[in-house]
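None of these values were measured; they are calculated from a predicted model.
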Amino acid sequence: MSSIRFCLFLIFCSYGVLSAPNVGSRHIGNGFHTRLEYSIDPDPASPAQCLFVWHRLPPYLYIEPDELHHLNAVILGSINIEASASQSHPFAYCFILYNSTKVPFQHTQSFSLNIHSRYLDPTADEHQIDETLTLPEPVIHFTSKSCPYLGRGCPAPIAETGIESPRDLTVTIPVGQQNHLWFVLPITSLFPLISCSLFFIYSGRVQK
């Protein structure tokens, strides 16, 4: 009888420890633009008052600031969408997906992210045409307490309740060749000049 009770204890104890909201996700694209989509379903056995998302990205990846503002995210660091990977820095952001002091999380919550890759510096290796790099996924935290206050920036991740993706996502970014710069740079400079010239010519004809 005691052995049966011990087995039941292990089963229910393990279930209580491992119980967590169920996270479904998918990713679309594997180049300069990747879309990540997430849906979080509640777990009745582990009611949560707060769903909190924390995400850190390396210098070669970024998200449009307007998209993060739409999520009411707090951004740690700065985002320059025009800069290359070597001229950028890592940054992090966080946002609250669900928060209630009275009603536990009961309905599916979802969010999506459009992650963009930056240009990499040209390489001297003539055989290298691209580079495959890691794409870190956001960590979704859940807690039976109210969400942390974001008024002063992102708090530390909630260590005891973090759902991390078991996948290892990557992005494959094309890499330029250093021996092509003598040709690419003049051509790149000519395009604005040609465009401006055509604009002035067309504007003059319209005014006549």
Side-chain angles (χ1 to χ4, degrees), residues 18-43 46 48 50-99 105-123 125 127-143 147 150 154 157-158 161-177 180 184 188:
L18 298 177
S19 180
N22 179 46
V23 178
S25 64
R26 67 171 184 163
H27 73 285
I28 305 169
N30 188 34
F32 277 111
H33 310 286
T34 302
R35 181 176 176 84
L36 302 178
E37 298 178 349
Y38 298 90
S39 63
I40 302 95
D41 295 320
D43 179 9
S46 179
C50 168
L51 293 178
F52 173 68
V53 180
W54 213 98
H55 196 193
R56 186 178 186 274
L57 288 175
Y60 52 83
L61 298 173
Y62 73 93
I63 299 175
E64 293 276 359
D66 288 343
E67 183 175 349
L68 294 177
H69 292 155
H70 182 71
L71 293 170
N72 293 322
V74 174
I75 303 173
L76 298 178
S78 59
I79 305 173
N80 181 358
I81 63 175
E82 302 294 338
S84 65
S86 62
Q87 298 173 333
S88 302
H89 303 280
F91 80 96
Y93 67 91
C94 63
F95 64 92
I96 293 172
L97 192 60
Y98 181 85
N99 186 29
F105 163 50
Q106 296 176 343
H107 303 286
T108 299
Q109 300 289 325
S110 60
F111 68 96
S112 60
L113 302 167
N114 293 297
I115 299 180
H116 311 284
S117 302
R118 298 182 183 276
Y119 288 104
L120 303 177
D121 289 342
T123 178
D125 185 358
H127 301 288
Q128 183 180 4
I129 60 174
D130 55 40
E131 186 169 351
T132 299
L133 301 170
T134 301
L135 193 165
E137 291 192 76
V139 179
I140 301 170
H141 298 274
F142 67 98
T143 175
C147 285
L150 304 185
C154 290
I158 307 172
T161 57
I163 305 174
E164 298 189 32
S165 173
R167 303 177 301 186
D168 293 322
L169 293 186
T170 59
V171 291
T172 301
I173 308 175
V175 178
Q177 300 291 321
H180 293 167
V184 173
T188 304

Worked check of side chain to side chain contact (heavy atoms under 4.5 Å, CB included) between Ile115 and Leu135: CA-CA 9 Å; Ile115 299 180; Leu135 193 165; 3.9 Å; yes
Go through it in stages, so that I can follow the logic: the residues are Asn22 and Asp43, the test is side chain to side chain contact (heavy atoms under 4.5 Å, CB included), and I'd like the CA-CA distance, side-chain angles, deciding distance and then a yes or no. CA-CA 7 Å; Asn22 179 46; Asp43 179 9; over 6 Å; no
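Here the closest heavy-atom approach between residue Ser117 and residue Ile173 is recorded as CB-CD1, 3.6 Å. What you find for Tyr38 and Glu137 is that their closest heavy atoms are OH-OE1, 2.5 Å.
Partners of His116 by side-chain hydrogen bond (donor to acceptor under 3.5 Å, both in side chains), not counting sequence neighbours, listed by chain and number: His33. In terms of the ring pair (Phe, Tyr, Trp, His ring centres under 6.0 Å) criterion, Phe91 has no residue partners (sequence neighbours excluded).
Contact check for His141 versus Val139: side-chain heavy atoms found under the 4.5 Å cut-off. Contact annotation: the side chain of Leu150 approaches that of Ile96 to within less than 4.5 Å [non-hydrogen atoms, C-beta and beyond].
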Name every donor-acceptor pair, under 3.5 Å, that has one atom in a side chain of residues 105-114 and the other anywhere in the protein, sequence neighbours excluded.
{"unit_1": "Thr108", "atom_1": "OG1", "unit_2": "Asp41", "atom_2": "OD1", "d": "2.5"}
{"unit_1": "Ser112", "atom_1": "OG", "unit_2": "Arg35", "atom_2": "NH2", "d": "3.0"}
{"unit_1": "Asn114", "atom_1": "OD1", "unit_2": "Arg35", "atom_2": "NH1", "d": "3.2"}

Result block: side-chain N/O donor-acceptor pairs under 3.5 angstrom for residues 50-62, not counting sequence neighbours:
{"unit_1": "Trp54", "atom_1": "NE1", "unit_2": "Pro155", "atom_2": "O", "d": "2.9"}
{"unit_1": "His55", "atom_1": "ND1", "unit_2": "Tyr93", "atom_2": "OH", "d": "2.7"}
{"unit_1": "His55", "atom_1": "NE2", "unit_2": "Pro136", "atom_2": "O", "d": "2.8"}
{"unit_1": "Tyr60", "atom_1": "OH", "unit_2": "Thr134", "atom_2": "N", "d": "3.4"}
{"unit_1": "Tyr60", "atom_1": "OH", "unit_2": "Thr134", "atom_2": "O", "d": "2.6"}

Side-chain polar contacts of residues 72-82 - donor-acceptor pairs under 3.5 angstrom, sequence neighbours left out - could you list them?
{"unit_1": "Asn80", "atom_1": "OD1", "unit_2": "Glu82", "atom_2": "N", "d": "3.1"}

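Listed by first then second residue, pairs satisfying disulfide bond (SG atoms under 2.5 Å apart) with a partner in residues 57-99 read Cys94-Cys154, not counting sequence neighbours.
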